[in-house]
J.: 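Here's a structure for you.
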Number of protein chains: 2
Amino acid sequence: MSVVTIHDVARQAGVAVATVSRVMNNTGQVRAETRQRVLSAVTTLGYRPNRTARGMARGRLATVAVLVPFVTHPSAFARVQGMVESCRDLGLPVSLFDVELPEHQGEHLRALAGDLRPEGLVVVSLQLTSDERARLDEAGLRPVLVDTEAAGLSTVCIDDEAGGALATNHLLELGHQRVGFIGDLEHDRFGFTASERRHAGYLRALAEAGLPQRAGYQRTGPHGRETAREHARALLALAEPPTAIFAASDTQALGALEAAREQGLTVPDDLSVIGFDDVEIAEHAGLTTIRQPLVDSGRQAARIVEQERADPGRAAERCVLDITLVARQTTAPPHHSAAAGRRRRAARPVGG
Amino acid sequence: MSVVTIHDVARQAGVAVATVSRVMNNTGQVRAETRQRVLSAVTTLGYRPNRTARGMARGRLATVAVLVPFVTHPSAFARVQGMVESCRDLGLPVSLFDVELPEHQGEHLRALAGDLRPEGLVVVSLQLTSDERARLDEAGLRPVLVDTEAAGLSTVCIDDEAGGALATNHLLELGHQRVGFIGDLEHDRFGFTASERRHAGYLRALAEAGLPQRAGYQRTGPHGRETAREHARALLALAEPPTAIFAASDTQALGALEAAREQGLTVPDDLSVIGFDDVEIAEHAGLTTIRQPLVDSGRQAARIVEQERADPGRAAERCVLDITLVARQTTAPPHHSAAAGRRRRAARPVGG
DNA sequence: CTGTTAGCGCGTTCAG
DNA sequence: CTGAACGCGCTAACAG
């Protein structure tokens, strides 16, 4: 009674294992009556096909692999959450392939295209080299991309440039004229590009508003709160400091907030800050930000993986998710020294 | 050149596949010279054993499975991070089995003990039923426990009771006499027990200090910030409210902080709050808390999995990690002025 | 010590 | 439409 295999079902139904296989996989033609016999045998025996063995026979590991850099970053992990959720229904475990160092990417991809050959592969934020793509192709793996793009591959993304413009315009509409930008290094070691695209949106918004790009107002560096804090410090130390900062991620925005507090500046009265992503901590910090549906991006990726599995000939899909401005307590009109009324601090921002 | 199998190596070395297998797995006896021939064939051919096939032959899925409730909780995820990190070196992917509903636990375990049969299994925070344990046993799976215990199984944990006492004593030493407690429901649907143990530590500390348990001072409910906030409100609404609160988790402590702000109380002047875990957000919120090495707990679990894999006869290990008090800005001596008197606005606690 | 023979549980040709 | 046979890549008896 411990493990019922395809043979047990075949015997019980009085057919060959091949027929059971055909019924289970909806492949080939099976007479309706035979199919019924098999199906009832399956239910009376409580047969569950062995995913590992099935994988072996088809040369695939029974999991959906996710290649993701810095999986502990709240934004990355929110995406994973969405996949885990969807894959649970799909009956496939999700395996994590974390990239903390640039070399991890190649190592994992080699293993994935080599002996592991997962049922599905999702690549988050990373840029695949042509060599890696070729290798995956040979292995019959068509990765689904999230937060990155490549010709011929399905992708789940947002319009980052529009998001950058949305954030910047929010500040401009509040009346800010001096808006700084803090983002990632343009050509970082991982090939992330979201920050660049958001930066492009920032530039576009400024240009459309007829505002100049001020010297030293755009700062990029390795991703992280610390770095962002230093950048914000530098920004605030300028002779004519910005009255508002657009940070390409919430993490960086949080760094900017810390810098402001260090300097004894009141947010948002003395300085407005807007972030990007709307990770969980953003709400707690009362951070104004651009929300992108992180969890949903994972769900969509899982959906596409499943659809491509069901229909390998399927054309690549481009799934663009919506973004929205979430106005909280870190943005407000600039504090003009000559301004008439004194603005009093509003009630303490409370999360939740 | 696409895939080099064990047969290629065998041919190249002029031996049988079994011998190659023995060399690769360090099983059985192989003459040193033969071993050398095999090894050199392996390197010249660049052979990498197929983990999926190996799994199939031994009836095991080539991953380390992690059964973890609410994996998106910062504390749970920090543990997963540690495992992912260690398993990368180990050459095994980590698969996530998230438990969001009590029924997920059984479903996953059935699958794990059924067709999936991972190389290793780590169970976080959950209580296994005897039925589940039996099933795992039959499947030859010996789970490694984290943040939970069971006779005969290895576990990675902390001394939660000592932690509860440590937190409480911190408050008592500051001079607080009226200390409230907020924790999880005693018999929640998932069988979590950490909160209970911390509560025991709280009671012990009070007793040792000769302090009474005041009516309505100990509140438990479903885990979550919202619930904790309500409990804190209730605590603060008492005729003689506590001057300090020990929350069994940082999440709950954050809820308590929110309640304090709502009431216009200054933290830590009017109310001290201490949490537990030291998740990332705790630092940002300036929360005093008990730190437990979450990431390291994952690393240790991975280590034990590997050691038990190498030596199945190994005795169960009990790995107790150290905890430390991290004093930040939410605890201070009590404000000994007129109790029901004036309440001032809180100066926002600043992180970093 | 090493080679031969069986499978692991299933998918997938091929006949029939 | 269905069954028998083979193979995925490797491990595990069983001989020798």
Side-chain angles (χ1 to χ4, degrees), chain A residues 2-39 41-42 45-62 91 111 114-119 139-140 309 312, chain B residues 2-39 41-42 45-62 91 111 114-119 139-140 309 312:
Chain A
S2 58
V3 221
V4 26
T5 78
I6 198 172
H7 289 99
D8 303 322
V9 177
R11 199 177 317 117
Q12 166 90 11
V15 299
V17 292
T19 303
V20 179
S21 174
R22 283 190 271 264
V23 171
M24 293 310 288
N25 299 291
N26 269 318
T27 167
Q29 300 296 302
V30 180
R31 189 161 28 128
E33 191 225 327
T34 310
R35 164 184 304 276
Q36 268 319 314
R37 268 219 317 273
V38 170
L39 253 25
V42 164
L45 258 39
Y47 170 65
R48 304 287 306 154
N50 186 317
R51 277 114 96 219
T52 306
R54 183 215 297 267
M56 169 82 268
R58 303 195 328 190
R60 312 223 83 91
L61 218 204
D115 62 335
L116 273 31
R117 295 207 173 186
E119 289 279 348
R309 206 161 64 112
Chain B
S2 57
V3 221
V4 25
T5 78
I6 197 172
H7 289 99
D8 304 321
V9 177
R11 198 176 320 117
Q12 166 89 12
V15 300
V17 292
T19 303
V20 179
S21 174
R22 282 190 272 262
V23 171
M24 295 307 290
N25 299 292
N26 270 316
T27 167
Q29 299 297 301
V30 181
R31 192 166 22 133
E33 191 225 327
T34 310
R35 165 184 303 275
Q36 267 320 315
R37 270 220 316 274
V38 170
L39 253 25
V42 164
L45 258 39
Y47 169 66
R48 305 286 305 153
N50 186 317
R51 275 112 102 217
T52 307
R54 182 214 296 266
M56 170 83 267
R58 303 196 326 190
R60 300 214 143 328
L61 218 201
D115 61 337
L116 275 29
R117 293 206 176 188
E119 288 279 348
R309 206 162 63 113

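Here is how names work: the chains are called A, B, and so on, in the same order as the sequence lines, proteins then strands, and each is numbered from 1. Hydrogens, waters and symmetry mates play no part in the numbers below; they use all other heavy atoms, side chains included.
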J.: Quick one: closest heavy-atom pair of B:Met56 and A:Ala53, and the distance?
T.: SD-CA, 3.5 Å

J.: Does a side-chain N or O from B:Arg31 land closer than 4.0 Å to OP1 or OP2 of C:dT2, or not?
T.: yes

J.: C:dG3, D:dT11, D:dC1: which one has an atom nearest the side-chain heavy atoms of A:Thr34?
T.: D:dC1

J.: Does any N or O in the side chain of A:Arg37 come within less than 3.5 Å of the main-chain N or O of A:Ala13, such that one atom is a donor and the other an acceptor?
T.: yes

J.: Should B:Thr5 be listed as having a side-chain N or O under 4.0 Å from OP1 or OP2 of D:dG9?
T.: no

J.: Want to settle it: does B:Glu33 or B:Arg58 sit nearer the 5' end of DNA chain C, counting the closest nucleotide to each?
T.: B:Glu33

J.: Within the modelled atom types, does a donor on one side and an acceptor on the other bring the side chain of A:Arg51 and the base of C:dG9 under 3.5 Å apart?
T.: no

J.: Let me know the distance between CZ of A:Arg54 and C1' of C:dC8, rounded to the nearest Å.
T.: 16 Å

J.: Over how many whole Å does the gap from B:Leu61 atom CG to C:dG9 atom P extend?
T.: 14 Å

J.: When you measure from the side chain of A:Ala16, which nucleotide among D:dC10, C:dT2, D:dG3 comes out closest?
T.: D:dG3

J.: Would you kindly compare B:Gly14 and A:Ala57 by the position of their nearest DNA chain C nucleotide and give the one closer to the 5′ end?
T.: B:Gly14

J.: Please report, rounded to the nearest Å, how far the C1' atom of D:dC10 is from the CE atom of A:Met56.
T.: 8 Å

J.: Can you find a donor-acceptor N/O pair under 3.5 angstrom joining the side chain of A:Arg60 to the base of C:dG11?
T.: no

J.: Between D:dC10, D:dA13, C:dC10, which nucleotide gets closest to the side-chain atoms of B:His7?
T.: D:dC10

J.: In whole angstrom, what separates B:Asp8's CG from D:dC8's C1'?
T.: 14 Å

J.: Can you tell me the distance, in whole Å, between the CG atom of B:Leu116 and the P atom of C:dG9?
T.: 14 Å

J.: I want to check one thing: is the phosphate of C:dG9, taken as OP1 and OP2, less than 4.0 Å away from some side-chain N or O of A:Tyr47?
T.: no

J.: Could you tell me the separation between the CG atom of B:Asn26 and the C1' atom of D:dC10, rounded to a whole number of Å?
T.: 16 Å

J.: Less than 4.0 angstrom between a side-chain N/O of A:Ser21 and OP1 or OP2 of C:dG11, yes or no?
T.: yes

J.: Taking all atoms of both residues into account, what is the closest heavy-atom pair of A:Gly46 and A:Val4, and its distance?
T.: O-CG1, 3.9 Å

J.: Whole-Å distance between D:dG7 P and B:Asn50 CG?
T.: 18 Å

J.: If you look at every strand shown and take non-hydrogen atoms under 4.0 Å, does B:Val20 touch a base, only sugar-phosphate, or nothing?
T.: nothing

J.: Could you tell me which non-hydrogen atom of A:Ser21 sits nearest to which non-hydrogen atom of A:Thr27, and how far apart they are?
T.: O-CG2, 4.3 Å

J.: Do you know which two heavy atoms are closest between B:Asp115 and A:Thr52, and how far apart they sit?
T.: O-OG1, 3.4 Å

J.: Which is true for B:Asp115 with a 4.0 Å heavy-atom rule: it touches a base, it touches only sugar-phosphate, or it touches nothing?
T.: nothing

J.: Nearest whole Å is fine: how far is D:dA12 C1' from B:Gln29 CD?
T.: 16 Å

J.: Do the side chains of B:Arg11 and B:Val20 get nearer than 4.5 Å, heavy atoms only?
T.: no

